[in-house]
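These notes are about the structure you will find just below.
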Number of protein chains: 2
Amino acid sequence: MKSLQKVLDIIDKVAETRRAGIRELSSMTGFPPATIHRIVSTLVQRRYFDQDPVTKKYSLSLRFLELGSRVQQQFNLTAIARPHLERLMAETKESVNLAVRDGDEMIYLDHVRSDYSLLQLFTRPGVRVPLNATGVGKVFLSKMSNPDVNSCLERTQPKPRTPYTLTDKIGIQEELSRIRTKGFSIDNEEFEMGVRCVAAPVFDHSGELVAAISISGAAVRISQEKIDHFGKLVKRCSLAVSRELGFDGTNEIFINQEKGD
Amino acid sequence: MKSLQKVLDIIDKVAETRRAGIRELSSMTGFPPATIHRIVSTLVQRRYFDQDPVTKKYSLSLRFLELGSRVQQQFNLTAIARPHLERLMAETKESVNLAVRDGDEMIYLDHVRSDYSLLQLFTRPGVRVPLNATGVGKVFLSKMSNPDVNSCLERTQPKPRTPYTLTDKIGIQEELSRIRTKGFSIDNEEFEMGVRCVAAPVFDHSGELVAAISISGAAVRISQEKIDHFGKLVKRCSLAVSRELGFDGTNEIFINQEKGD
DNA sequence: CGTAAGTGTTCCATAATCCGAAAACACATT
DNA sequence: AATGTGTTTTCGGATTATGGAACACTTACG
């Protein structure tokens, strides 16, 4: 389906640039303006795109917000987790997030913002973050086999986001084995300076890892001593969600479950 | 662009049904299975659709959540309004919503849930509601001319959602003129039994109506006496947002500004 | 004020691309 | 093993997308 490929290229480019004109899209994609115009005007007619009447530039319409909302609903995980996330926020006074893996990235499904903290990590549902530099991502890495982890790192070629970001294989392997022992992961200013996270896994009825829950907040408030306490709380919360999904084990299936190569 | 029309038909149908197989889509759209398959497999390849490996059914992927999130960000309105919405929630202890008009419907951009109320109106960002039966929608109707209101009602043919829903032109015209006088609109169990809303308009720098903010909560808690007080609060809040958008008038531009036919 | 440069938009002959009936395939269920 | 479900592949034909070129319109500049 060659023409559809072009359509999706255009949608991707418009999403990247937020708003773009026909000529602009033409030079980015290499398709002639007439082709772009035909595709884009169909998208406008079907209300998938908006066209600014004065600048003539095109942008994604609210239709995508609507469709995204549908997708979020389909994950009844979100509905199940909500009350637990709110309780965890109340217990810790820190923001709480729910994320799932999508390919080589994590994608946030939901979050409960702390009313107490001023510093907020930007985790709107739909935002993507790397696996290696986040608490939720490392939870997923820790459940993968060593070769899988390596090939994932190969593919994504993670760049250090802060001086603390782990990017070398050996460092990451050590970190993952620590996570498997403790049952929760820590992001110690590895994604954003000044922000620490503590994250734990959510399993479904079959014991499959389906999501991760994290507490995130200013490093000044999440001291080293607090981390173990928060780890306990986030594990309890994620276990409660797992239970509602029909999981009958414990978080401790992590322990001593080193993934070999 | 005929083939793109088919693609969008398929996306629409999958969004409606949440998940669908090829046969199912074929009978819904009238296109032969081979056509559906070609389109859908391209969408899967480009990660716009997911295919359940066991049931083979297709669904919208997280890509749509991502794109929807982008759209929401583009409305920096959301970012500007956020703190005001939170303050309004704190003042009223009721849930607060931000919505914009999209065609003949309203679409929610953001909401702040009350921690105090058990009964919650379901207003996730991206959800659509009719213009005539909601507080936020009536704000937009009240800024339209009578003929525009009538033709909008003609197009949408609103169905009563509760015994209180206004659907006749004369009743609505009276209601709109009341809104123009008061500067805020009321949804008195017109959308959902047991739920009352109070909504006010947000204007941009050019004085154009761009959004509406509403307080929504259980009718038992939002008594008739409270409505005027809430009206004052929601007007103050929406005016504060309007000011941040560069608006230099007052909400009272509604008053005595009857739209003629 | 007029010319030039830049955009979005429309047209149309050409052939590449999409189409869809039918058949093959995969996989449960009986 | 047979039946029924639904998915996937094939392939010749013609519908449909293509893209160069012309047009309309706005903005930038001398």
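In what follows, every chain begins at residue 1, and chains take the letters A, B, ... in the order their sequences are listed.
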Checklist entry - Is the charged tip of A:Lys235 near the ring of A:Phe184: under 6.0 Å from the six-membered ring centre and within 45° of its axis? => result no
Next on the checklist: Nearest whole Å is fine: how far is D:dT15 P from B:Lys6 NZ?
Outcome noted: 12 Å
Checklist entry - D:dT8 P sits how many Å from B:Leu43 CG, rounded? => result 14 Å
Item to check | Residue-phosphate contact under 4.0 Å: B:Gln51 side-chain N/O, D:dG6 OP1/OP2 | outcome: no
Checklist entry - Rounding to a whole Å, what distance do you find between A:Arg23:CZ and D:dA21:C1'? => result 11 Å
Item to check | Interatomic distance, A:Leu4 CG vs D:dA17 P [rounded to whole Å] | outcome: 12 Å
Next on the checklist: From C-beta outward on B:Ser3, which listed nucleotide comes closest to its side chain: D:dG20, D:dA17, D:dT8?
Outcome noted: D:dA17
Checklist entry - Please give, in whole Å, the distance from D:dT9 C1' to B:His37 NE2? => result 8 Å
Checklist entry - First and last nucleotide of DNA chain C in contact with chain B, 5' to 3', at under 4.0 Å to a heavy atom: what are they? => result C:dC18 to C:dA21
Checklist entry - Between B:Phe64 and B:Tyr48, what is the ring plane arrangement, given parallel below 30°, perpendicular above 60°, and tilted in between? => result perpendicular
Next on the checklist: Let me spell it out: for each of A:Lys57 and A:Lys2, pick the nucleotide of DNA chain C with the closest heavy atom. Which residue's pick is nearer the 5' end?
Outcome noted: A:Lys57
Checklist entry - Closest nucleotide of DNA chain C for B:Ala34 versus for A:Met1: which of these residues is on the 5' side? => result A:Met1
